[in-house]
J.: 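The following block contains the structure, expressed as structure tokens.
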Amino acid sequence: MANVLPLSYYQNDDVVFLAKDLIGKKICTNINGQFTSAVITETEAYCGRNDKACHANNGKRTKRTEIMFQEGGKAYVYLCYGIHNLFNITTNIDGLADAILVRAVQPLDGKEIMLQRRNKTVFDKSLTSGPGILSKALGIDRSLYAASLVGPSIWLEESPEKISSSQIVETTRIGVDYAGEDALRPWRFYLKNSEWVSKK
DNA sequence: CTAACGATTCGCT
DNA sequence: GCGAATCGTTAGT
């Protein structure tokens, strides 16, 4: 567990910068003794102020969004469409509810475990390129709601390979049409030449 | 208590 | 490309 990103990394007040910076970082989980890891290839930023796409927009505190209002560096996992666990990284300081949705990853360690969790045999982008399925592959569900991102069940590590800004595509977020004009914000980021992206 | 609705995925046409 | 699956959360009665 060398190169683990420290809690201070998540307290940055610029969630859009962090969403972009997270591209290329390594995400690791150790669930019931099963270790898996992957490189983050796609993210989306959600800001707690003035962003109708964010569940916690303008101080909307509910039992579900509560974790986003705490100090950054925790997991925000919620159930979407009654089926999928979506994994978010909370950021910013106490009281400011920002979060970053991880939308796709490229598997590194524990590929067999991921295939098993997904009931698959073929190793391709359909294993982890999408917010619901990457959670399933990494063993992330709502029992990790509010889990610390510096371990022991889940943590992030520095990028295995340096990523330059020119390798990252900035575009609009997916599935947030209900947010009106906020849906037009260029707050989605993905690795330009990667196959491991949910949609181009 | 009730009802509407997803930050999606998969299978079938 | 389209529609079903599926259920916790949320807001309103």
J.: Is there side-chain contact between A:Y9 and A:K25, with at least one heavy-atom pair below 4.5 Å?
T.: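 Yes, their side chains come closer than 4.5 Å.
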
J.: N/O contacts under 3.5 Å, protein versus nucleotides 8-11 of chain C?
T.:
from	atom 1	to	atom 2	distance (Å)
C:dT9	O3'	A:R64	NE	3.4
C:dT10	OP1	A:T62	OG1	2.3
C:dT10	OP1	A:R64	NE	3.4

J.: Whole-Å distance between B:dA7 C1' and A:N88 CG?
T.: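 These atoms are roughly 7 Å apart.
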
J.: Given A:R103 and A:T43, is the side-chain contact (heavy atoms from CB on, under 4.5 Å) satisfied, shown in steps?
T.: CA-CA 5 Å; A:R103 289 192 53 91; A:T43 62; over 6 Å; no

J.: How many whole angstroms separate atom NZ of A:K199 from atom P of B:dC10?
T.: 12 Å

J.: Considering the options A:D182, A:V176, A:D98, A:N58, which one meets the side-chain contact (heavy atoms from CB on, under 4.5 Å) requirement together with A:D51?
T.: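 With A:D51 as partner, A:D182, A:V176, A:D98, A:N58 yield a single side-chain contact (heavy atoms from CB on, under 4.5 Å), made by A:D182.
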
J.: Roughly, in whole Å, what's the span from CG in A:N85 to C1' in B:dT9?
T.: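 A:N85 atom CG is separated from B:dT9 atom C1' by 13 Å.
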
J.: Can you tell me if the side-chain N/O atoms of A:Y81 get under 4.0 Å from OP1 or OP2 in B:dC5?
T.: no

J.: Tell me, please, whether A:Y178 has A:K52 positioned over its six-membered ring: NZ or CZ under 6.0 Å from the ring centre and within 45 degrees of its axis?
T.: no

J.: Rounded to whole angstroms, how far apart are CG on A:L101 and C1' on B:dG6?
T.: 13 Å

J.: May I have the distance from A:Y178 (atom OH) to B:dA4 (atom C1'), rounded to whole angstrom?
T.: 15 Å

J.: Between the protein and nucleotides 2-4 of chain C, which nitrogen or oxygen pairs come in under 3.5 angstrom?
T.:
none

J.: From NZ of A:K136 over to P of C:dT6, roughly how many Å is that when rounded to an integer?
T.: 12 Å

J.: Base, sugar-phosphate, or nothing: which does A:I83 touch, judged by heavy atoms less than 4.0 Å apart?
T.: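 Base contact - A:I83 has a heavy atom under 4.0 Å of at least one base atom.
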
J.: CE of A:M68 versus P of B:dA7: gap in Å, rounded?
T.: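 In whole Å, B:dA7 P and A:M68 CE are 11 Å from each other.
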
J.: Report yes if the side chains of A:T128 and A:Q106 come closer than 4.5 Å at any heavy-atom pair, otherwise no.
T.: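 No, side chains not in contact.
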
J.: Between A:F123 and A:W196, is the ring centroid distance below 6.0 Å?
T.: yes

J.: Indicate yes or no: at least one non-hydrogen side-chain atom of A:I140 is less than 4.5 angstrom from one of A:I31.
T.: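 When only atoms from C-beta onward are counted, A:I31 and A:I140 do not touch, as no gap falls below 4.5 Å.
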
J.: Does any non-hydrogen side-chain atom of A:D13 lie less than 4.5 Å from one of A:L96?
T.: no

J.: Would you check if A:N30 and A:S153 make a side-chain contact, meaning some heavy-atom pair closer than 4.5 Å?
T.: no

J.: Closest nucleotide of DNA chain B for A:R118 versus for A:V176: which of these residues is on the 5' side?
T.: A:V176

J.: Tell me, what's DNA chain C's dot-bracket, Watson-Crick or G-U with both distances under 3.5 Å, | for other-strand, [ ] crossing?
T.: |||||.||||||.

J.: Rounding to a whole Å, what distance do you find between A:K52:NZ and B:dA7:P?
T.: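 The distance from NZ of A:K52 to P of B:dA7 comes to 15 Å, rounded to the nearest Å.
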
J.: A:R188 near the nucleic acid: base, sugar-phosphate alone, or nothing, with a heavy-atom cut-off under 4.0 Å?
T.: nothing

J.: Ignoring backbone atoms, establish whether A:R103 has a side-chain N or O less than 4.0 Å from OP1 or OP2 of B:dT8.
T.: yes

J.: Check whether any side-chain heavy atom of A:F35 lies under 4.5 Å from a side-chain heavy atom of A:C28, and answer yes or no.
T.: yes

J.: When you measure from the centre of the six-membered ring of A:Y46, is the NZ or CZ of A:R173 under 6.0 Å away and within 45° of the axis?
T.: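 Yes, cation above the ring, under 6.0 Å and within 45°.
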
J.: Decide whether a cation-pi geometry holds between A:R142 and A:Y78; the criteria are a distance under 6.0 Å from NZ or CZ to the six-membered ring centre and an angle within 45° of the ring axis.
T.: no

